[in-house]
Amino acid sequence: TAQRRRALDQATRAGAGVGALVTLYDAVSDHALKSALVSALARSGERAAMDKLIAIVTGETNVEVRRRAISVLASSDDPRAREALKNIGE
């Protein structure tokens, strides 16, 4: 998994698009890699990344990955992030 995370870091530095990150997230089951992908999505700042982060918060079954996504949304200024966080408490 450390090797996968290094590959992910290299891919994001090389400009891997949000679509590629989302596809990778959906394809992997390794929770540490999913957490790293959550961080990469957060750094992108793109609308599609925020859409995926919200989907992770509402649909991810792994508690640690979901917690990471919640943390990312909590530090976001995007109104959709605030709305998603309000909705998970209901």
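Every value quoted in this text rests on a predicted model; they were computed, and no experiment measured them.
In terms of heavy-atom proximity, Ala84 sits nearest to Ile54 at CB-CG2, 3.8 Å. Residue Val72 comes nearest to Ser75 through the heavy atom pair O-OG, 3.0 Å, listed as atom of the first residue, atom of the second, then distance. Across Val18 and Ala49, no two heavy atoms sit closer than the pair CG1-N, 3.6 Å.
Between Val38 and Lys52 the shortest side-chain heavy-atom distance does not fall below 4.5 Å. Contact check for Ile56 versus Ile70: no side-chain heavy atoms found under the 4.5 Å cut-off. Residues Tyr25 and Leu33 fail the side-chain proximity criterion, which asks for heavy atoms closer than 4.5 Å. Taking 4.5 Å as the limit, some side-chain heavy atom of Leu41 sits within range of a side-chain heavy atom of Val22.
Annotation: the span from Leu21 atom CG to Ser39 atom OG amounts to 11.0 Å, rounded to 0.5 Å. Atom OG of residue Ser76 and atom CZ of residue Arg82 lie 7.5 Å apart, to the nearest 0.5 angstrom.
Within the structure, salt bridge (Lys or Arg N to Asp or Glu O under 4.0 Å) pairs that include any residue of residues 58-77 comprise Lys34-Glu60 (at least two apart or interchain).
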Exercise for review: Decide yes or no on side chain to side chain contact (heavy atoms under 4.5 Å, CB included) for Arg80 and Asp51, but give the supporting numbers first.
Suggested key: CA-CA 9 Å; Arg80 294 176 305 140; Asp51 292 342; 2.3 Å; yes
